[in-house]
Amino acid sequence: MIKRGPAITCHERALSEVIGFVLILGIITAAFSLYLVYGVPAQGRESEILHMNDIKDQFVSYKLSLDSLFNNNKVGTSVSNAFTLGTSGGFTQGSNSIIPILSPVSSSGVIAINQRTPTPETLEISSYSLIVDPNVHNTSQLALSTPTTITAVPQHIYINISNVQQSVLNPSTYYGLQVDGTGWTATVNLSPRMVPSQVYSVTTQSSACPPGTQTSTSTSGTAITYYCLNSVTGTLYNGSDISISVFKNGKSTLQSIPVYRAITPGSYSVDIMDPAYGIQPIIQVPDTLTLKNTLPNSTAAILGSSLIVNGFTQKNYNMSSLPLGSLEYRAKNNYWIPQNYYYQMGGIFLEQSDGNITWKLPPEISFSNDPTHNLVIVNINALALDNSSSGIVGGNSPVQVKTTLNSITPLPFALVAQGTGNTKWIRIDVTTTDVKAQEMWQTYFNYTAMAAGIPNTQVGTSSTGSFIIINGPDANPDGAYDINVIASTATYMPSIHGVGGSLQ
Amino acid sequence: MTEQARESGVSGTLGSVFLIIVVVAGMGVLMVAVISQPHPQNVPAMTAEVIKTANSLSLRHDGGNTLTRGDFKILVDGQDKTAAFGDPATWSIGQTLQYTGYNSTNPAKTIQIVYTGGGSAQVIEQLMV
């Protein structure tokens, strides 16, 4: 019995220590479990949400950079923008924690150029418009004293003076041809140029001549006649000029400015729309031109009529399909919903797996309504990423995207005066194989047209994409030119580089 | 000697019992402290955009979590107008909700999207019209 006592006591003591240690271990494990289950995912979600906000800001910065190149016509200039792939910390995970597993797993991302769809997404424009055509040179003759109405600012108004004869090139022949518009007058004159000259005549007088002017004397009895040399101011015919004078709002802005000096027999032409004369900017269409007076053998002609002005022709226009390209960020989030941001045609779009695509910043297709002039204005800046560019980089290190503006090309819609149109109808198509993108473009066309109050539009989707048709205020595709389309294309060349070294 | 040994054994047992009591009490306090807290919830993160024209108003989901019916309310100037926005089964990115109660003579000034799916209501987006 004596021997058993200590042995029993020893066993009991060991049991209590083990139980105590196990219980403390249980508390610690429970605390860790609670943190891992609730704390870590919450931290990870928070950091991924903040990172996606950063990505959005980086895309906005990218768009502004590309817009600034386009707006300042900086062809050939490059900009670089950095994108952070993932929430970072992938290399030093756990540095802020006691144990690495206590910090959330960092997310990663992929940045890709022109990888959105198997076939390129494109922009197509078709319309019935006044289209720039350098081969068109129709003229409209101005008849003397008969008002002629113009609805577009002509590029040229030629005063043609043909077959000038030697007989009219004399000191006494003057001709003039005057073109009157609203608030302005231009006069083209054929006039002799008389230059000041000094001639001398001999006069007689009874008194002595001024010093140095006496040529001789004669005596008759006691009377002496003095012959003096006197200067007389006169003019000298120095050839005939064709000159121009311009009046704006009753004030002379150019007065007898020679266009041709000391002409010889032949034919001459004066374009009063030359920018040097400053008439073109003051013309407000519709305007009425009236021709007055005549030059010998002269005519005045507007190069281009009221509907077919110089270099423009009215026809069906179809822009060749323009691949838009894209710069895309695909997030590989662990705690927050996966999101894809992409830049396309000046817009920033967001795609989520649990829904559709929406635009964070709208693409460069905008509409506005001008009820004063019964006009719809369509602005299109087709900012495309070059289709031959490609690249894809994934991970969680920062990358920079270098983008060069390659070209800017205005689309050949006629530049018309403010308040007038150049198009009867227009159809804009965005083709894409991505069904979500089709829905997004349809929504965007609907929203933009509705917000601007554009009448008579038709929005829909086809098997290849989405489209909008605008017929203008008159709702008639064959009606008036009631849409003013201002459009241009620009091509950028993007490439992906690592920050501090090229990755590809 | 035998009695002394027995007393020693009693004190060890008492120590163990006290230790267990202290640990259990500590765990109890810890669990009460943890469990009595509101259950951690992921409040939806989303953004929305107001689309306003001369005679209409609508809300477009601009990205983030999808909201499900019953988990959110749309307050217009403080009034619950969820039904006037159609009360959709889900409201996800790109989806637009048309407001049928728009009054152009007395247009709305503020719109709040309130998450009600958690323990307490929480404003997740506030928009000025």
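The figures that follow rest on heavy atoms only: side chains count, while hydrogens, waters and symmetry mates do not. In what follows, every chain begins at residue 1, and chains take the letters A, B, ... in the order their sequences are listed.
- The candidate from A:Asn356, A:Ile49, A:Thr443 with the greatest count of non-hydrogen atom pairs under 4.5 Å with chain B is A:Asn356.
- Contact tally against chain B (heavy-atom pairs below 4.5 Å) for A:Lys360, A:Lys436, A:Gln339, A:Lys56: the top residue is A:Lys360.
- Of the atoms belonging to A:Trp359, heavy atoms from both backbone and side chain fall under 4.5 Å from chain B.
- Proximity of B:Leu67 to B:Ile124: side-chain heavy atoms (C-beta onward) are separated by under 4.5 Å at one or more points.
- The part of B:Thr53 that comes within reach of chain A is its side chain, from C-beta onward, which places non-hydrogen atoms under 4.5 angstrom from that chain.
- Chain A forms the most heavy-atom pairs under 4.5 Å with one residue out of B:Thr66, B:Thr47, B:Asp62, and that residue is B:Asp62.
- Between chain A and the options B:Gly63, B:Ala45, B:Gly26, B:Ala54, heavy-atom pairs under 4.5 Å are most frequent for B:Ala45.
- In this structure the side chain of B:Tyr102 reaches within 4.5 angstrom of the side chain of B:Lys52, judged on heavy atoms.
- Of the candidates A:Tyr342, A:Tyr343, A:Phe83, A:Phe59 forms a ring pair (Phe, Tyr, Trp, His ring centres under 6.0 Å) with just one, namely A:Phe83.
- Using a 4.5 Å cut-off on side-chain heavy atoms (C-beta onward), A:Gln344 and A:Pro363 make no contact.
- Residue contact with chain B, scored on non-hydrogen atoms closer than 4.5 Å, involves the backbone and the side chain of A:Leu350 alike.
- Under 3.5 Å, the side chains of B:Thr90 and B:Ser92 contain no donor-acceptor pair of N or O atoms.
- Neither the backbone nor the side chain of A:Met52 comes within contact range of chain B; no heavy atom of the residue lies under 4.5 Å from a heavy atom of that chain.
- For the atom pair CZ (A:Phe367) and CE (A:Met450), the distance works out to 13.0 Å, reported to the nearest 0.5 Å.
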